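Read through the structure below, which is laid out as structure tokens, and then see the notes.
We use all heavy atoms of the structure for the numbers below, so side chains are in, but hydrogens, waters and symmetry mates are not. Treat the numbers as computed from the prediction; the structure is a model and nothing was measured.
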Amino acid sequence: MRISGPGGEGHKYALASDEDDADFWGFAHEAEGLFTPLPEEEGARRVHLAGCLPRGGLLKSLDHIGTRRAMAGNAWLHVLDTAGATMGSYFVNDLVVIDVQPSAHGPGRVDLTTTLWCENALPGSDEVWDLLRTGRLNRTGLWHGVTPEDRKAWLSVALWSREYHRQGKSDAPAGQEFTVDGRHVVDIDSFYCAIGEAVNGPGGYFGWNLDALDDCLRGGWGAATPFTLRWESSTEARAGLVKRVPTRGGEAAQLLISSGCCRVTCADPCGIPVVCGTRRVAD
């Protein structure tokens, strides 16, 4: 998807109204603070839109800074690649412009200081978006160096960029076998990083919690059913993955590893075989 309107190339972000598809709010070179929660509330953000070319509802709000009419409203904040195509999008609530200044990015541009609510823009995600934007998310294992605190951010970018990442490709045909490299699986988030990469390549998504994994196992997320997951080096991952987690319906589910094999148990068993080493384990 390419953002409508000329001038998207070279910008990292674009804004559009959530209420009216035709109400395009403009581009910005940077969105500083988007991935930094304010101390008082996790979803609260103070975002500096640098080098902005405001349009539509955002432009109208500039005439009312300091009043209630400075609230532009709810919007989609699109993360762009170097060609101006949308890599992924965040829904933002209650965007209010609180300051406007001339921008050093060029004539006619302004720097906007805004407040908004966006709990899905996790700290650390900007670095992963930059890897994708610059074409450096092009080989397996890049997530191995990500800190435990930032693995959730890696997974969130994998989720929000999944359509861009797949570029319209169909699921791998039924009967495929995917190999999960368990050598770097030390906790539940690294497990999801590994399985996403195994099925959908570098930066790929295949769930980031047990319910999402359950959905992915049913097809439509990179692999057509039936397919096989082969988990190598599962023994090394055992300590970090034997625990109980909540599932749909209020029942507890567990990621089980025993005797060098593993089983992903879902609330609704889906029949996908999981292979570890040379033994096959079926749900």
* Pairwise side-chain contact, Thr115 with Arg45, heavy-atom cut-off 4.5 Å (strictly under) -> no
* Structure fact -> The residue among Val185, Leu155, Leu159 that forms side-chain contact (heavy atoms from CB on, under 4.5 Å) with Tyr192 is Leu155
* Should Arg133 and Asp81 count as an ion pair when the cut-off is N to O under 4.0 Å? -> no
* Over 60° means perpendicular and under 30° means parallel, so classify the ring planes of His78 and Trp76, tilted if in between. => parallel
* Flag the pair Leu217 / Phe206 as yes when at least one side-chain heavy-atom distance between them is below 4.5 Å, and no otherwise. => yes
* To do: Side-chain contact test, heavy atoms from C-beta onward, threshold under 4.5 Å: evaluate it for Leu58 versus Cys52 and give yes or no.
  => yes
* Asked: Are more than 12 heavy atoms from other residues, nucleotides or ligands located less than 6.0 Å from atom NZ of Lys60?
  -> no
* To do: Report the distance from atom CD of Glu163 to atom NZ of Lys169, rounding to the nearest 0.5 Å.
  => 13.5 Å
* Side chains of Ser17 and Asp20, donor plus acceptor under 3.5 Å -> no
* Asked: Would Arg151 and Asp187 satisfy salt bridge (Lys or Arg N to Asp or Glu O under 4.0 Å), going step by step from the backbone distance to the final call?
  -> CA-CA 10 Å; Arg151 287 177 192 136; Asp187 58 18; 2.6 Å; yes
* Run the side-chain contact (heavy atoms from CB on, under 4.5 Å) check on Val96 and Leu116 step by step: do they pass? -> CA-CA 6 Å; Val96 179; Leu116 54 87; over 6 Å; no
* Please determine if Arg230 and Asp181 form a salt bridge, counting it only when a charged side-chain N lies under 4.0 Å from a carboxylate O. => no
* Asked: Which residues pass the salt bridge (charged side-chain N to carboxylate O under 4.0 Å, His left out) test with Arg136, sequence neighbours left out?
  -> none
* Using 30° and 60° as the class limits, which term best fits the ring planes of His144 and His184: parallel, tilted or perpendicular? -> parallel
* Step by step, would you call Leu77 with Leu34 a side-chain contact (heavy atoms from CB on, under 4.5 Å)? -> CA-CA 10 Å; Leu77 196 157; Leu34 176 63; 4.1 Å; yes
* When the ring centroid of Trp231 is compared with that of Phe191, is the distance short of 6.0 Å? -> yes
* May I have all residue pairs that pass side-chain hydrogen bond (donor to acceptor under 3.5 Å, both in side chains) and include part of residues 23-33, sequence neighbours excluded? => Lys12-Glu30, Asp23-Trp25
* Could you check Val97 against Leu62 for side-chain contact (heavy atoms from CB on, under 4.5 Å), going step by step and ending with a plain yes or no? => CA-CA 7 Å; Val97 180; Leu62 303 189; 3.7 Å; yes
* Taking the side chain as every heavy atom from C-beta outward, state whether Arg46 and Thr113 have any pair of such atoms under 4.5 Å apart. => yes
* Asked: Yes or no on side-chain contact (heavy atoms from CB on, under 4.5 Å) for Asn74 and Asp94, after CA distance, side-chain angles and deciding distance?
  -> CA-CA 5 Å; Asn74 300 337; Asp94 300 335; 3.5 Å; yes
